[in-house]
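Working notes, structure below.
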Amino acid sequence: MKAVITLAFVAIGLAACGSDDNSIGSANPGNPTNPNEEVEQVRLLANAANPDFEGMVRDFNAPACSENAQQPRAGGGIYSVNLQSASGANIAFTVMEPAEFNCAQGNPLVLEGHGYGGARATAPRGIMSNLIEAGAGVISIDQRGFGESGGTVRVLDPDFEGQDLLQILDWAEANLDWLRYASDKPAGDREFNMVAGATGGSYGGGYQMLIHNIDPLKRLDALTPDIAWNDLRYSLNPGGAYGIENFEPTDGNIDPVGVVKSGWALLLVAGGEAGSLQPKLQAGDPTAVLTSGQDNLIRETLLRGSTANRFPAGALEFFRYHSPSYWCDAEAPGAQTFLQSEVTPGLAPRTPDPVDILFTQGFRDTLFNFNDALHNFTCYRELENAEGNKADVRLLTHQSGHILPLSPSMIPGLGDLTEQGVQNGLNEIEFQKPGGPFACGDLAIPDAQFAFLVEKLFTAQEAATIKEGSESTAFNTLADNKGKVCISLNDDVGQGTASENAAVWVNESTFFDQLVPKGKGQPTESAIAPIAVDFTPGTDPLSVLTSAVTGILRYPFAPAVMPIELPVGVNTIAGVPTATFEIAPAVDMVMNPVCSELYAATAMSPIGLLGLEPGCDPILFVGLGVNRNGGWRLIDDQVTPIRGFGQRHVELTGVAERLADGESLGLMVYGYHPQYLATGSRDLLTPLVALRGSLNLPAF
């Protein structure tokens, strides 16, 4: 179906067609290079002059550079487009033209995506104004089911949202005569390919990797995903052995089981339904309840997860298919089974092509945390093209992200319990503290994203001119710190601008050698000796670990805490701790005698309600804390769930904190935590447990 075009603004004037020289020798936008090889000359041209489309009839929309343009005009126009997708739903997006057209070398294109429950921009927001002024065009997208786009929300399904996104790129090629094409990354029978990038956070970060992973034409050259996920099984159900082929616990005897992150699940349900249904209902669509909102497969998964305290295995495979881990990890796809159907994925996993990416992630993010960014960073930085060249892949961190907008007062009775704990000098009950600066030290994340996109999508001469006209220091900061990871350390700084000393740049070699595991299931090879952990109940009542319904009763009076003495001169924890932990009965050799019978009975349930065990299912929540002014506080509000008796390898959630004089570090263990609002242990028979093992700390 021909696109329905609504022209919101088209300015008439003189076209800025730039230089007639359409070849350059220094820029190589989006193409991984080996610094030891001579860079080949790259030819640039506008879409209207692209010989790859010679003989093809293309009806350019609002032409600016092609021969069928009625008259030259200025850039800066904004208009909206509606397409009919292959699945029969409407796709809505807004085109924002570059401030000036370069009719000789064309203009780069940047895609922009919104967060879950959000909608597209119909006027520039964020870094879009800077990109447009610099000479890039922008397309802001209503993802499937959100805003004015139709269909149900399937959480970036490669076979639905993925195909919609490719269709938008197809439309751009057929309708925008000012697009820039380059000769340095031919695909298929094409000599030239689009010069394009993408930006956005959360859901708006995930779509970028989805496009790159499934697009056979490799049209994206530079990605800037902020607070995106690596594996939705981990993000929504942490604690399992995800992405690890032939997993065997380290010196252990169980296959770890995840815990539903119910605090976030409830908010995502509300936000997803409101963001999808509300615009359609307001538009008077009588079928909106049936044809939009979150897909019934997702509704079923969340309902079963909250009821059974465990996501079904088939639904977890569905979530994995919607994650970068499907393409990154050497893990065979599993069956995507539901109560009434089985979903057959349309795309087999394959290794992605290398692409320039600037990953950014917030240490305080409790939905898609630092570990998500780490595993994405690990995957994409190792990719090589046919010549053995890698892309430019970076990682910066900040103090913002997904912050639970909840407080104890929203839950009846919890506010009073909070006050009791605070009066006793104990841990304040919070879902999490407010977010901090959207910056790594004095480097603002939007400035870094803009500088990165300019470097990758514009010629060296253009980039130098843009840099000269910018007040940002991000261009120099990124250039000076290539090969380093920026770690934000200012945990207790409130909203505002971070200071320069609130972050540290770490060489990638040090980062992977000492601060994080080199891969999923591997330990962090700490620069300090492993820490022995032993929470065996003794005479001190505060060392007793309560797991089960009793865990919530213990919560207001602080978690159990094991102080950790760091070596002299070590005062910074930054990275991903790993551990070998065992949850054991409180008294050795005492185990509920009906455990096996309970597991067998629930496993045979015809609707798969595993997780309803009234016993033998302890859950603990573990995190690192700092003792500051006499009270223990979680670092970055991060806890990691540990579920079930037995020993297992644990990858704790990544944190970063520099301890001040007089402050001390500790391991904090909860029997309940409100981030997992409705999915703590439901074990009524084994309320007391022990936790033993060893902990590897990323410290320097």
Side-chain angles (χ1 to χ4, degrees), residues 87 113 116 143-144 153-166 198 200 202-218 220 223 225 227-247 256 258 261 268 295 297-298 301 305 311-338 341-355 357 359 361 367-369 371-384 391 393 519-521 651:
S87 61
Y116 199 71
Q143 298 290 349
R144 175 185 170 91
V153 177
R154 293 177 66 95
V155 192
L156 296 184
D157 190 320
D159 301 324
F160 289 84
E161 284 93 344
Q163 301 310 308
D164 291 351
L165 291 164
L166 296 187
S202 188
Y203 206 62
Y207 88 98
Q208 302 177 46
M209 289 179 280
L210 172 61
I211 292 177
H212 175 71
N213 292 339
I214 69 173
D215 184 11
L217 294 176
K218 301 184 288 186
L220 293 186
L223 315 181
I227 56 174
W229 65 93
N230 171 259
D231 191 327
L232 285 175
R233 297 174 302 175
Y234 167 79
S235 303
L236 301 177
N237 189 62
Y242 310 126
I244 307 169
E245 190 175 19
N246 302 321
F247 180 81
K261 196 179 286 183
L268 291 172
D295 196 90
L297 297 179
I298 296 170
T301 299
F311 282 138
L316 290 175
E317 287 299 325
F318 177 82
F319 282 139
R320 182 193 166 220
Y321 184 52
H322 300 198
S323 304
S325 62
Y326 180 78
W327 314 96
C328 285
D329 296 337
E331 182 182 1
Q336 301 178 33
T337 54
F338 296 86
S341 63
E342 180 171 338
V343 177
T344 302
L347 298 173
R350 67 172 184 84
T351 303
D353 295 298
V355 61
I357 310 182
F359 288 110
Q361 197 79 17
L367 176 59
F368 303 143
N369 57 44
N371 300 45
D372 284 289
L374 166 66
H375 294 307
N376 281 331
F377 180 55
T378 302
C379 166
Y380 287 91
R381 70 186 292 272
E382 292 300 323
L383 300 175
E384 296 181 348
V393 181
K520 295 178 180 178
E651 181 181 285

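Numbering of residues begins at 1 and proceeds along the displayed sequence.
- Atom CG of Leu220 is separated from atom NZ of Lys218 by 12.5 Å, given to the nearest 0.5 angstrom.
- By the 4.5 Å heavy-atom criterion applied to side chains, Phe318 and Ile298 are counted as neighbours.
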Test side-chain contact (heavy atoms from CB on, under 4.5 Å) on Asp353 and Leu383; report intermediate values, then the result. CA-CA 7 Å; Asp353 295 298; Leu383 300 175; over 6 Å; no
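- Here the closest heavy-atom approach between residue Pro333 and residue Arg320 is recorded as CA-NH1, 3.5 Å.
- Closest of all the heavy-atom pairs between Phe311 and Gly305 is CD2-CA, 3.8 Å.
- Minimum heavy-atom separation, Pro324 to Asn213: CA-ND2, 4.3 Å.
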Is there a salt bridge (Lys or Arg N to Asp or Glu O under 4.0 Å) between Lys520 and Asp329 once you walk through the steps? CA-CA 9 Å; Lys520 295 178 180 178; Asp329 296 337; 2.8 Å; yes
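- Between the side chain of Ser341 and the backbone N or O of Thr337, no donor-acceptor pair lies under 3.5 Å.
- Looking at Asp215, its side chain never comes within 3.5 Å of a backbone N or O of Ile211 through a donor-acceptor pair.
- Note that CZ of Phe377 and NE2 of His375 are 13.0 Å apart. Values are rounded to the nearest 0.5 Å.
- Judged purely by atom type and a 3.5 angstrom limit, Ser323 uses its side chain to pair as donor or acceptor with the backbone of Leu232.
- Shown here for Pro256 and Gly239, the closest heavy-atom pair between the two residues is CB-O, 3.1 Å.
- For the pair Gln143 and Asp164, the minimum side-chain heavy-atom distance is 4.5 Å or more.
- Counted by atom type alone, Asp372 and Gln361 present zero donor-acceptor pairs between their side chains at under 3.5 Å.
- Formation of a donor-acceptor pair under 3.5 Å by the Gln208 side chain with backbone atoms of Gly204 is found in this model.
- Counting all heavy atoms, side chain and backbone alike, Trp229 lies closest to Ser235 at CB-OG, 3.7 Å.
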For residues 155-163, please give each side-chain donor-acceptor pair under 3.5 Å, one per line with the distance, not counting sequence neighbours.
from   : atom 1 : to     : atom 2 : distance (Å)
Asp157 : OD1    : Asp159 : N      : 2.9
Asp157 : OD2    : Arg154 : NE     : 3.1
Asp157 : OD2    : Arg154 : NH2    : 3.2
Asp157 : OD2    : His322 : NE2    : 3.3
Asp159 : OD1    : Tyr321 : OH     : 3.0
Asp159 : OD1    : Gly346 : N      : 3.4
Asp159 : OD2    : Tyr321 : OH     : 3.1
Asp159 : OD2    : Gly346 : N      : 2.9
Glu161 : OE1    : Asp157 : N      : 2.8
Glu161 : OE2    : Arg154 : N      : 2.9
Glu161 : OE2    : Val155 : N      : 3.3
Glu161 : OE2    : Leu156 : N      : 3.4
Gln163 : NE2    : Pro158 : O      : 3.0

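- Of all heavy-atom pairs spanning Trp327 and Leu347, the tightest one is CH2-CB, 3.9 Å.
- The closest side-chain heavy-atom distance from Asp231 to Tyr326 is not below 4.5 Å.
- Using a distance-only test at 3.5 Å, with no hydrogens or angles considered, a donor-acceptor pair links the side chain of Lys261 to the main chain of Leu367.
- Checked by atom type, the side-chain pair Arg233/Ser325 shows no donor-acceptor distance below 3.5 Å.
- Judged by distance alone, the side chain of Glu317 and the main-chain N or O of Gly334 form a donor-acceptor pair under 3.5 Å.
- Applying the side-chain contact (heavy atoms from CB on, under 4.5 Å) criterion to Ile357, with sequence neighbours excluded, gives Leu223, Pro225, Val355, Phe359, Tyr380, Val393.
- Side chains of Asn237 and Tyr242: a donor on one and an acceptor on the other come within 3.5 Å.
- Checking side-chain atoms of Glu331 against main-chain N and O of Gly243 turns up a donor-acceptor pair under 3.5 Å.
- Counting heavy atoms from C-beta outward, Glu651 and Asn371 have side chains that approach closer than 4.5 Å.
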